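Computation of the quantities below employed the complete heavy-atom set of this structure, encompassing side-chain atoms and omitting hydrogens, waters and symmetry-equivalent molecules. One-based numbering, in listed order, for ligands and for the atoms of each. Because the structure is a prediction, the values reported are computed rather than measured.
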Amino acid sequence: MKVTSISPAQDSIKLLQITDTHLFEPLDGSLLSVKTLDSFHAVVAAIAESGASYDAMLATGDISQDHTAVSYQHFEQGISPLALPCYWLPGNHDFKPSMHSVLPSSQIQQVEHVLLGDHWQMVLLDSQVVGVPHGFLSDDQLSMLDEKLTQNPDRHTLVLLHHHPLLVGSRWLDQHSLKEAESFWNVVEKHSNVKAVVCGHVHQDMNEMHRGVQVMATPSTCVQFKPKSDDFALDTQSPGWRELDLHNDGSVSTQVKRLASGSFQPDFNSAGY
Ligand SMILES: [Fe+2]
């Protein structure tokens, strides 16, 4: 069953975001020497052990690295300890037929729109362009966003997509950003209810205000990219995740959390990704 509305357990909506798990079918599949299933499991275990409670979780793309149905089954099994509805969307590395093969799922939800309590809504966009690393939003996606913002003018809105709609100041990653991002921001600016945008893709923590909207990117559960580096470079920071607290007045509190430092270090001699 598709879960298209969430009733918060408390006053605010508490969300957990994990992103860019880059899983493989083989259990020991690795990206730049990090075994991605192990780092993903370690992140889920740390979240479960933290005792934090959430209303739902978000997975903002690049779930799989090898396009296999089994890699998505690993994801579905891996999140089961969290027992939360999980809203996911595709990244550049995802293969939609395999992604869909695990649906319907008791946890994973693939929907475009979710009502969050009485004050918020969430719109999930598909920015994938098959076969290339950059992103793009079709006219259909932009119209859908415009429609949801128009239909619910009194609801604060959280927009999710895989690609960064705001440059992060890293030349190699910014080549692979959301192309024609201006069209996206034009839709956002037509309305006054978009409060926050959350993406994945850049494997690093970003939290900036842009045209009055809080734009956030989040560490991957596997390898991290070094911020502000013009050329490909890995970061020594550990895998992480993000907590979001959506308040009734439209404000957002957020925090990035990570595994203990030194966990799951990649091969720093890698020349590319
Ligand atoms: Fe990506």
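- Heavy-atom contacts from other residues, nucleotides or ligands closer than 6.0 Å to NZ of Lys179 number more than 12.
- Within Asp62, the N, O or S atom lying nearest to the Fe ion (ligand 1) carries the name OD2.
- With salt bridges taken as basic N to acidic carboxylate O contacts below 4.0 Å, none links Arg258 and Asp205.
- Enclosure of atom NZ in Lys14 by more than 12 non-hydrogen atoms of other residues, nucleotides or ligands within 6.0 angstrom is indicated.
- The nearest N/O/S atom of His201 to the Fe ion (ligand 1) is ND1.
- Residue Asp249 places its CG atom among more than 12 non-hydrogen atoms of other residues, nucleotides or ligands, all under 6.0 Å distant.
- Our summary of the site lists the angle at the Fe ion (ligand 1) between OD1 of Asn92 and NE2 of His162 as 80°, to the nearest 10 degrees.
- At a threshold of 2.8 Å, the Fe ion (ligand 1) has no backbone or side-chain N, O or S atom of His93 nearer than that distance.
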